[in-house]
Protein chains: 2
Amino acid sequence: MTPDSFTKPPRKPRADGERNRARLIEAARKVFAEKGAGAGLEQVAREAEVGIGTLYRHFRSRDALITSIYQQEIDTLIDAAPALMNELEPLPALREWLLQFVDFLETKQGMADVLSTLIGGTAALYSGTSECLAHAIEALTANAVDEGALDLDLEPLDLLRAIGGVANLTPGENWRQSAVQMIDLLLKGMQRDSD
Amino acid sequence: MTPDSFTKPPRKPRADGERNRARLIEAARKVFAEKGAGAGLEQVAREAEVGIGTLYRHFRSRDALITSIYQQEIDTLIDAAPALMNELEPLPALREWLLQFVDFLETKQGMADVLSTLIGGTAALYSGTSECLAHAIEALTANAVDEGALDLDLEPLDLLRAIGGVANLTPGENWRQSAVQMIDLLLKGMQRDSD
DNA sequence: AGAAATGTGGAGGGCGCCTCCGTTTAAATA
DNA sequence: TATTTAAACGGAGGCGCCCTCCACATTTCT
């Protein structure tokens with residue numbers, strides 16, 4: 001129906017546009033890392049040496065900017081799942097992946113918004129990122145269930161939500177330890193009864 | 001050291017002050033219920049037919065207002081703990097209390113801020129509410145551990161954080177079911193190994 | 001080079017947070 | 001009751017963030 005060659009007028013994307021987009025993402029990474037999410041978008045624009053208007057043309061909303069930033073890291077996380085399932089037994093694979101998820105959260109210190117954007121929110125629905133993340137953990141858990149290692153009564157994403165809760169709501173520096181303990185607790189709870 | 005009769009100059013608190021405080025709390029309940037937390041404080045003041053300055057004198061911060069609102073409900077929750085420990089076996093007592101915690105969350109639909117204020121945040125440190133909540137769940141878990149029903153590797157508050165994560169980050173209407181399943185999963189994970 | 005499309009920048013409107021301080025009003029005192 | 005005292009009031013206004021809009025600049029295409 002819509003053959004590529006005819007549907008859209010061909011036009012090379014402007015060089016400055018792409019350059020600025022890249023600068024913005026880099027600037028946002030830096031600023032958010034320093035000041036936590038919730039830092040002013042104006043500041044991001046300043047850091048990128050770009051007008052605020054430019055920022056808003058490239059990224060309609062704060063969420064759009066955030067997902068753009070973390071898309072790459074999340075893709076890495078998602079891609080890691082199949083590899084882990086090959087290399088490890090189902091349970092260790094799941095555990096390892098959850099640990100990597102914690103690593104990911106660690107770099108986003110305190111960015112509650114990021115989390116809800118990714119696993120709760122409505123925004124990720126556009127990008128489909130949320131679904132991919134869901135697929136990854138669903139695959140890991142299904143794998144473990146098939147092998148008889150787990151019983152699972154809940155939506156796999158809820159595991160991430162629980163971990164996220166611990167990560168977000170634990171004040172201070174030691175949330176990581178709590179998160180890891182939570183992972184082991186959850187895994188133990190899912191372990192199939194031996195009766 | 002500080003006998004009541006001498007330490008403070010006696011002065012009846014002004015009637016209008018107390019009245020306005022009450023009006024503000026009531027107004028805040030209403031407005032937050034309608035518009036979710038994050039509603040403008042100015043609107044709360046308007047609803048209470050009071051100047052914005054008055055609101056800020058009674059409640060230094062948004063958090064202070066929020067904790068004042070929910071203080072009562074939380075007290076109820078906290079008070080329920082000892083009773084449950086008397087009436088039920090340790091494990092069912094803990095479970096029941098966690099379910100009541102979910103009920104509490106239910107009335108705060110989507111108020112992520114409330115949660116972090118209560119179990120994560122810095123604000124509750126002033127009021128001590130956070131500590132009381134912590135004491136309640138610590139008592140419940142300690143009770144179960146003493147009776148040999150549980151092994152516990154984590155800070156009891158983390159249980160609430162995990163549940164809170166599920167509650168906050170699950171979109172739609174069905175988070176309650178998820179939260180309950182999470183409770184059972186956590187309990188199972190904490191169950192002492194029978195080896 | 002000239003036309004057309006695309007991108008830029010930042011002023012400015014809107015909004016919510018919170019402070020400050022001149023005025024009002026209740027409680028204590030005479 | 002009249003006066004004094006200090007607690008409480010209220011809302012204008014400063015601040016900072018969000019986002020839109022559009023006259024102007026730059027790039028690509030012909």
Side-chain angles (χ1 to χ4, degrees), chain A residues 5-28 31-32 34-69 111-114 117 121 123, chain B residues 5-6 8-28 31-32 34-69 111-114 116-117 121-123 126:
Chain A
S5 31
F6 263 152
T7 39
K8 53 172 104 169
R11 178 116 184 193
K12 223 167 91 185
R14 281 177 55 160
D16 54 349
E18 306 225 298
R19 180 168 37 75
N20 280 339
R21 184 170 222 279
R23 295 176 66 115
L24 278 165
I25 289 185
E26 189 170 358
V31 171
F32 285 162
E34 279 170 8
K35 306 217 162 188
L41 295 197
E42 325 240 38
Q43 198 180 343
V44 172
R46 227 177 298 128
E47 175 77 28
E49 290 174 314
V50 142
I52 183 65
T54 300
L55 186 153
Y56 276 96
R57 195 164 343 84
H58 285 295
F59 308 97
R60 269 166 196 279
S61 68
R62 186 184 205 80
D63 274 346
L65 179 55
I66 288 178
T67 52
S68 295
I69 292 178
M111 297 198 194
D113 330 1
V114 178
T117 299
Chain B
S5 33
F6 262 152
K8 54 173 103 169
R11 177 114 188 197
K12 224 168 90 187
R14 280 178 55 158
D16 53 350
E18 306 224 299
R19 180 168 39 74
N20 281 339
R21 182 169 223 280
R23 294 176 66 114
L24 278 165
I25 290 185
E26 190 171 358
V31 171
F32 286 162
E34 278 171 9
K35 307 217 162 189
L41 294 198
E42 324 240 40
Q43 198 181 341
V44 172
R46 226 176 299 127
E47 174 77 29
E49 291 174 312
V50 142
I52 183 65
T54 299
L55 186 154
Y56 275 97
R57 194 160 347 83
H58 284 294
F59 308 98
R60 269 165 196 278
S61 69
R62 183 185 208 80
D63 276 346
L65 178 56
I66 289 178
T67 53
S68 294
I69 293 178
M111 298 199 192
D113 329 2
V114 177
S116 28
T117 298
T122 53
Y126 297 95

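Numbers restart at 1 for each chain; the letters A, B, ... are given by sequence-line order, proteins then strands.
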- request: Pick base, sugar-phosphate or nothing for A:Ala15, based on heavy-atom distances below 4.0 Å to the nucleic acid.
  value: sugar-phosphate
query: Residues two or more places apart in sequence or in another chain: which of them pass salt bridge (Lys or Arg N to Asp or Glu O under 4.0 Å) with B:Arg21?
result: none
Residue pairs, two or more places apart or on separate chains, that pass side-chain hydrogen bond (donor to acceptor under 3.5 Å, both in side chains) and touch residues 37-46 of chain A: none
- line: B:Arg14 meets the side-chain hydrogen bond (donor to acceptor under 3.5 Å, both in side chains) criterion, sequence neighbours left out, with B:Asp16
- line: Between CD of A:Glu47 and C1' of C:dG9 the distance, given in whole Å, is 18 Å
- prompt: Rounded to the nearest Å, what distance is computed from the NZ atom of residue A:Lys35 to the P atom of nucleotide D:dG16?
  reply: 12 Å
task: Let me have a per-nucleotide readout for nucleotides 6-15 of chain D, 5' to 3', with B, S or -, counting only protein heavy atoms under 4.0 Å.
output: SBSBBBB---
field: Side-chain heavy-atom pair B:Phe59, B:Ile25 within 4.5 angstrom cut-off
entry: yes
- request: To the nearest Å, give me how far apart CG (A:Leu65) and C1' (D:dC17) are.
  value: 15 Å
- prompt: Can you list the residues that meet the salt bridge (Lys or Arg N to Asp or Glu O under 4.0 Å) rule with B:Glu49, with sequence neighbours excluded?
  reply: B:Arg23
query: Nearest-Å distance, CG (B:Leu41) to P (C:dT19)?
result: 12 Å
- request: Mind jotting down which residue pairs meet the side-chain hydrogen bond (donor to acceptor under 3.5 Å, both in side chains) criterion with at least one end in residues 51-61 of chain A? Sequence neighbours excluded, please.
  value: none
- prompt: What's the CZ-C1' distance between A:Arg60 and D:dT20, to the nearest Å?
  reply: 12 Å
- request: Would you mind reading off the distance between A:Arg62 atom CZ and D:dT20 atom P, rounded to a whole angstrom?
  value: 14 Å
task: Using whole Å, report how far CZ of A:Arg23 lies from P of C:dT8.
output: 11 Å
